[in-house]
Q: 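Below are the structure tokens for one structure; questions will follow.
Side chains included, hydrogens not; waters and symmetry mates left out as well; all remaining heavy atoms used. These numbers were taken from a predicted model, which means no experiment stands behind them. We count ligands from 1, going down the list as the structure has it; atoms in each ligand are counted the same way.
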Amino acid sequence: MERSVSTEPDVDHSALLARVLSLTEGEQDQIALMATVACEVHHSDARFDWTGFYRVVAPGLLKIGPYQGGHGCLTIPFDRGVCGAVARTGETHLVPDVDAFPGHIACASSTRSELVLPVRDGAGRLIAVFDIDSNKPDAFVEEDAAALGHLLDAVFARP
Ligand code: SME
């Protein structure tokens, strides 16, 4: 199927959640979980051009984790980019125009907008950020942020 050029959401968030929970049932390994989430989310919607994780590997430091799309930057300090801002603040960032975000890191010059969410384990520790980039401006809606936040909690913070 051709990827659509629409900026309208295609994803059925509840079907995506059900699929991810079924695929990852009983799995505890964080990398296996991240790889499965990155794959399923990436292919769920034509708006998503890069989808993946940056893992917290040291105080103030993120390293690339499982992803789909073109190659990503390997290392992001907490004081750089949208991913760094999410890691620093612990808050989801929906960025409709990356050029208007001070310090945005352009791993791909085609990226126009992005959505980055914190990822916490069951103890509430920040283990990663989840980054979705789109080549379309203003591609993300609040519903994406809410539904994907719920999905990340369901996968990474479950007992
Ligand atoms: N755009 C991100 C960097 C990660 S990549 O684009 C894959 C940022 O500013 O944090």
Side-chain angles (χ1 to χ4, degrees), residues 3-11 13 16 20 23-24 29-121 124-153 155-157:
R3 295 192 76 146
S4 104
V5 291
S6 160
T7 55
E8 291 303 307
D10 300 329
V11 58
H13 280 293
L16 172 64
V20 167
L23 287 166
T24 60
D29 183 272
Q30 286 182 348
I31 301 290
L33 294 172
M34 288 179 191
T36 306
V37 169
C39 176
E40 289 301 316
V41 172
H42 187 73
H43 292 100
S44 71
D45 196 304
R47 292 172 297 153
F48 305 161
D49 292 297
W50 192 96
T51 309
F53 291 85
Y54 280 92
R55 298 166 300 120
V56 179
V57 294
L61 192 66
L62 297 166
K63 280 274 184 205
I64 192 85
Y67 67 92
Q68 301 261 325
H71 70 83
C73 316
L74 272 63
T75 302
I76 300 182
F78 276 28
D79 60 1
R80 295 213 47 222
V82 185
C83 291
V86 171
R88 207 167 57 240
T89 62
E91 285 174 10
T92 294
H93 281 46
L94 197 165
V95 179
D97 174 5
V98 294
D99 292 331
F101 189 92
H104 167 255
I105 303 166
C107 292
S109 57
S110 52
T111 298
R112 300 267 56 91
S113 58
E114 60 184 81
L115 172 62
V116 184
L117 303 102
V119 183
R120 294 196 176 81
D121 66 12
R125 281 183 297 254
L126 182 79
I127 56 168
V129 301
F130 184 49
D131 179 12
I132 309 181
D133 298 344
S134 181
N135 295 342
K136 301 166 189 74
D138 202 9
F140 302 99
V141 293
E142 290 294 340
E143 185 199 345
D144 297 315
L148 291 167
H150 178 60
L151 183 149
L152 293 169
D153 281 347
V155 171
F156 293 97

Q: Is it true that Arg112 and Asp99 have a side-chain N and a carboxylate O under 4.0 angstrom from each other?
A: yes
Q: Roughly how far apart are Asp49 CG and Glu114 CD, rounded to 0.5 Å?
A: 11.5 Å
Q: Look up atom CG in Leu126 and atom CZ in Phe156, then write down how far apart they are to the nearest 0.5 Å.
A: 12.0 Å
Q: What I want to check is whether the side chains of Asp138 and Ser113 have a donor and an acceptor closer together than 3.5 Å.
A: no
Q: Parallel, tilted or perpendicular: which fits the ring planes of Trp50 and Tyr67, with parallel below 30° and perpendicular above 60°?
A: parallel
Q: Output a table of donor-acceptor pairs, distance under 3.5 Å, between side-chain atoms of residues 51-58 and any protein atom two or more places apart or on a different chain; print 'none' if there are none.
A:
| from | atom 1 | to | atom 2 | distance (Å) |
| --- | --- | --- | --- | --- |
| Thr51 | OG1 | His42 | ND1 | 2.7 |
| Tyr54 | OH | Cys73 | N | 3.3 |
| Tyr54 | OH | Cys73 | O | 2.8 |
| Arg55 | NE | Ile64 | O | 3.4 |
| Arg55 | NH2 | Ile64 | O | 3.1 |

Q: Quick check for students: name every N or O atom pair between ligand 1 and the protein closer than 3.5 Å, with distances.
A:
| from | atom 1 | to | atom 2 | distance (Å) |
| --- | --- | --- | --- | --- |
| ligand 1 | 1 (N) | His104 | NE2 | 3.3 |
| ligand 1 | 1 (N) | Ile105 | O | 2.9 |
| ligand 1 | 1 (N) | Glu114 | OE1 | 2.9 |
| ligand 1 | 1 (N) | Glu114 | OE2 | 3.3 |
| ligand 1 | 6 (O) | Asp133 | OD2 | 2.9 |
| ligand 1 | 9 (O) | Val82 | N | 3.1 |
| ligand 1 | 9 (O) | Ile105 | N | 2.9 |
| ligand 1 | 10 (O) | Val82 | N | 3.0 |
| ligand 1 | 10 (O) | Cys83 | N | 2.8 |

